[in-house]
Amino acid sequence: MNRMPASAASADRPVVTRFAPSPTGYLHIGGARTALFNWLYARGRGGRFLLRIEDTDRARSTPEATEAIFDGLRWLGLEWDGEAISQFSRVDRHREAAEALLASGGAYRCYASPAEIEAFREAARAAGKPPLFLSPWRDRGPADWPDAPYAVRLRAPREGIVEVDDLVQGEVRIPAETLDDLIILRSDGTPTYNFAVVVDDHDMGVTHIIRGDDHLTNAARQTLIYRALGWPTPEMAHVPLIHGEDGAKLSKRHGALGAHEYRAMGYLPEALRNHLARLGWSRGDTEIFTTEQALEWFDIKDVGRSAARFDFTRLQSLNGHYIREAEDGRLAELSLALAEERGAPVTDPKKRAMLLEAMPGLKTRVKTLVELLELAHYILGDRPFSPDANASKLLDETGRALLSRLTPRLADVSDWRAETLEAEVRAFAEAEGLKLGKVAQPLRAALTGRAQSPGVFDVLVTLGRDECLGRLSDLPV
RNA sequence: GUCCCGUUCGUCUAGUGGUUAGGACAACGCCCUCUCACGGCGUAAACAGGGGUUCGAGUCCCCUACGGGAUACCA
């Protein structure tokens, strides 16, 4: 009982990890991080990263959710090896393993009804004792078996310590008497979660189980199952959960969104990957790293034990960084795709070209693709542009009068380039006895309808002579 | 109730007995500047509390508080 079972992981065997979500919703951010850690650990060591869909709860599992998980993983760039495995499809194997356990005496038939169990628990609670159900069937033999449905329970040790040697949590010792004889096969013959997981992980050759620390006590139970089955225990790593910005468990209100929602909010997958990797894991002072570097550096042993909060502001900052780094062409494509998803497709090839051309000036000014689209309003929108409140102030009588004097000079510029236009506007400002800003601001407002935009001379060039003069002529006199 | 895990600037973290407790995001200020950004420079900001151990503790031990998780014929 005290012998340490041989580990399923060894130096000469390649690492095999798995991500095992239940398809009851989208791929939420905590799951995404768990998947990322599994992926990084396996792929960083030339191992395999498998995907198993835990769909044994038929009522709650949906094919749509499975698709959403696939999509989320793909978007994040976390490709899995081979086909995703449906846990439900393996019930025969689970049953077979349970039968073997029954035969070997590692498990027993329990005929207690749910009502009986509930009554037992209530009595225990009332007596101030732990509400662990102790089945009276544990030591009964075939002679006592009624002709009734039964559940199969693991014959768990009633005393001693169950040790879990965890790569993140260290040695965790759980008193056996706080664990019950868990059911491994329900009375309808279907396997329970803890049992199916063990059988599947074993059959899939999983060497390292990396999952949320909400499974830590399950780890003790599963260790018991491995032992009963005589199988080596995989290495385990229970990583802390991610909390919401208020420190409480993640909920939809603060970040427990599906991967697709991050895409819709204009985040780049590499930014989310970087952010997620840094939650609970670090490598000295390095904040920003490529996926290649993460693959090289990541080690599950370096993951901390305390829960981290999901900080949107930080993700924004990181996203801004990755947007600045990204290729203009890719950014334009992603933005255009996002615009379409948002119901505002940009079909005019001229606008699409202008967006690409203006990208260098756009991308340093935004943190998300959504902001980028908004900032590119002067390109994507159509004349006439109605100025917003701030722009309106700049286009007061004085501003408009100034522009009416500037416009003919602009019209006379034969070489429509940023340098020449800037020289012209500067000369004009000087002639008017004004600082450049006094001219540039109204001009920007007239051209873009906003008080902020990329450099006004770049705007002039992007839009082109005719469009600019047209917008200037749209101003009320 | 019981069991398990956690607690360093607002946030993410570095730190493996001897540090002016470092970095990043956010905040604030300055510079750059046609706006907003980007970029640069700088300011402010933390070891949950209490006991030990030790010449010396953020680092080791214990207790308390607080937070989280688990206690299902859910996964």
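What you are looking at is a predicted structure, and each value in this text was computed from that prediction instead of being measured. Convention: sequence-line order gives letters A, B, ...; per-chain numbering from 1.
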Colleague: What I want to check is whether an N or O donor and acceptor connect the side chain of A:D213 with the base of B:G69 at under 3.5 Å.
Modeller: no
Colleague: Considering only B:A24, B:C5, B:C73, which nucleotide approaches the side chain of A:E287 most closely?
Modeller: B:A24
Colleague: With no angle test and no hydrogens, is the base of B:C38 tied to the side chain of A:R324 by a donor-acceptor pair under 3.5 Å?
Modeller: no
Colleague: B:C25, B:G68, B:A75: which one has an atom nearest the side-chain heavy atoms of A:Q87?
Modeller: B:A75
Colleague: Below 4.0 angstrom from OP1 or OP2 of B:G6, is there any side-chain N or O of A:R305?
Modeller: yes
Colleague: Looking only at N and O atoms, is any donor in the side chain of A:R314 or the base of B:A24 less than 3.5 Å from an acceptor on the other one?
Modeller: yes
Colleague: Is the A:Y262 ring parallel, tilted or perpendicular to the A:Y267 ring (thresholds 30°, 60°)?
Modeller: tilted
Colleague: How far does the C1' atom of B:C61 sit from the matching atom of B:C25, given to the nearest Å?
Modeller: 36 Å
Colleague: With side-chain hydrogen bond (donor to acceptor under 3.5 Å, both in side chains) as the test, pick out the partner of A:D55 among A:S22, A:S61, A:S86.
Modeller: A:S86
Colleague: Out of B:C4, B:A75, B:U13, which nucleotide sits closest to the side chain of A:S22?
Modeller: B:A75
Colleague: So what does A:S282 touch, heavy atoms closer than 4.0 Å: a base, only the sugar-phosphate, or nothing?
Modeller: sugar-phosphate
Colleague: Give the ring-plane orientation class for A:F289 versus A:W297, where under 30° counts as parallel, over 60° as perpendicular and anything between as tilted.
Modeller: perpendicular
Colleague: For the base of B:U35, is there a side-chain donor-acceptor partner from A:R365 under 3.5 Å away?
Modeller: yes
Colleague: With a cut-off of less than 4.0 Å, is there a side-chain N or O of A:R153 near OP1 or OP2 of B:C73?
Modeller: yes
Colleague: Using a 4.0 Å heavy-atom cut-off across all strands, classify A:R125 as base, sugar-phosphate, or nothing.
Modeller: nothing
Colleague: Could you measure between the two P atoms, the one in B:U8 and the one in B:G29, and give it in whole Å?
Modeller: 29 Å
